[in-house]
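Notes follow the structure.
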Amino acid sequence: MAFELPPLPYPKEALEPHIDAQTMEIHHDKHHGTYVTNLNKALAGRGDLENRPLEWLLGNLDSLPAEIRTAVRNNGGGHSNHSIFWKTLAPKAGGEPTGKIGEEIRSTFGSFDAFKEKMETAGLGRFGSGWSWLALKGSQLEVFSLPNQDSPYMESAVPLFGIDVWEHAYYLKYQNRRADYLKGIWNVVNWTAVGELYAQARTAAGH
């Protein structure tokens with residue numbers, strides 16, 4: 001079954017002024033859409049792989065045929081990363097996370113502000129394109145950066161919230177001011193969605 005581009009869960013202008021409508025339209029329709037198209041092309045006719053879940057494909061790249069491995073890594077990673085990205089942003093969101101995810105963030109990183117600083121530092125420190133991630137690895141929350149469209153699934157971790165630091169994610173509004181984009185995005189984080197992903201990941205891991 002072919003992978004599909006998920007619709008944005010809100011209007012493209014809903015995240016303004018922090019993320020502008022034109023960026024959202026290009027980012028979702030063009031960039032994410034292209035990843036989905038190219039992932040389906042790479043898997044076409046491979047019945048044993050076409051029906052595999054995306055997280056399985058990304059977590060088992062070494063077992064894939066060499067001729068499609070890079071395409072699945074880049075485009076499957078791009079599809080997975082962006083699907084999480086749209087879901088974990090929302091208008092009139094932001095603030096501090098509550099519930100179990102809020103407790104775990106404060107317990108793991110010392111405070112919410114310390115966690116934000118760690119995420120921003122990971123994003124600023126990524127040379128070129130990539131992501132800053134909050135992920136669950138085993139039973140532990142971790143923050144790390146990955147290049148290009150690499151996915152935390154490739155690191156045996158479950159992605160919970162990622163900040164896209166490819167220039168196409170912010171350049172129209174912020175130009176070279178990645179630090180300002182990283183600070184602005186906290187105003188639109190959907191902590192309810194992040195908390196749901198965290199609960200699902202812990203359940204799947206048997207925690």
Under 4.5 Å between any side-chain heavy atoms of [X] and [Y], yes or no?
{"X": "L182", "Y": "I163", "answer": "yes"}
{"X": "F109", "Y": "L134", "answer": "yes"}
{"X": "V72", "Y": "L49", "answer": "no"}

Do you know which two heavy atoms are closest between [X] and [Y], and how far apart they sit?
{"X": "S145", "Y": "R126", "value": "OG-NE, 2.8 Å"}
{"X": "R69", "Y": "L64", "value": "NH2-O, 2.7 Å"}
{"X": "P65", "Y": "R46", "value": "CG-NH1, 3.5 Å"}
{"X": "G78", "Y": "H82", "value": "O-ND1, 2.7 Å"}
{"X": "L160", "Y": "A201", "value": "CD2-CB, 4.4 Å"}
{"X": "V143", "Y": "F115", "value": "CG2-CE1, 3.8 Å"}

* Counterpart residues, ring-ring contact (aromatic ring centres under 6.0 Å, His included), relative to H168 (two or more places apart) -> H27, H31, W166

* Structure fact -> Sorted by chain and number, sequence neighbours left out, ring-ring contact (aromatic ring centres under 6.0 Å, His included) with Y170 holds for Y181

Backbone N or O of [Y] within a donor-acceptor pair of the [X] side chain at under 3.5 Å?
{"X": "H79", "Y": "L5", "value": "no"}
{"X": "E25", "Y": "K12", "value": "no"}
{"X": "N40", "Y": "F3", "value": "yes"}
{"X": "N190", "Y": "A193", "value": "yes"}
{"X": "R178", "Y": "V165", "value": "yes"}
{"X": "R73", "Y": "L61", "value": "no"}
{"X": "T108", "Y": "E104", "value": "yes"}
{"X": "N148", "Y": "D150", "value": "no"}

* Asked: Once the angle between the rings of F161 and W186 is folded into 0 to 90°, is it parallel (under 30°), tilted (30 to 60°) or perpendicular (over 60°)?
  -> tilted

* With E120 via salt bridge (Lys or Arg N to Asp or Glu O under 4.0 Å) - residues at least two apart -> K183

* Residues that K41 engages under salt bridge (Lys or Arg N to Asp or Glu O under 4.0 Å), provided they are two or more places apart -> none

Residues that [X] engages under side chain to side chain contact (heavy atoms under 4.5 Å, CB included), provided they are two or more places apart:
{"X": "F144", "value": "W133, A135, E142, L146, P152, A157"}
{"X": "E117", "value": "T121"}
{"X": "T34", "value": "N38"}
{"X": "P53", "value": "E55, W56"}

* Give the cluster check for Y171 versus I185: same hydrophobic cluster or not, with ILVMFWY residues linked at side-chain heavy-atom distances below 4.5 Å. => no

* Q22 atom CD: more than 12 heavy-atom contacts under 6.0 Å -> no

* Asked: Under the side-chain hydrogen bond (donor to acceptor under 3.5 Å, both in side chains) rule, what pairs show up with a residue in residues 86-96, not counting sequence neighbours?
  -> H32-W86, E96-R106

* Asked: Going by side-chain heavy atoms closer than 4.5 Å, which hydrophobic residues are tied to F127, directly or by a chain of links?
  -> none

* Asked: Quick one: hydrophobic cluster around L172, which other residues, with the 4.5 Å side-chain cut-off, linked directly or via members?
  -> I26

* To do: Using the side-chain contact (heavy atoms from CB on, under 4.5 Å) rule, pick out the option among L57, I84, L54, L58 that qualifies with S151.
  => L58

* Could I get the full list of side-chain hydrogen bond (donor to acceptor under 3.5 Å, both in side chains) partners for Y35, not counting sequence neighbours? => Q149

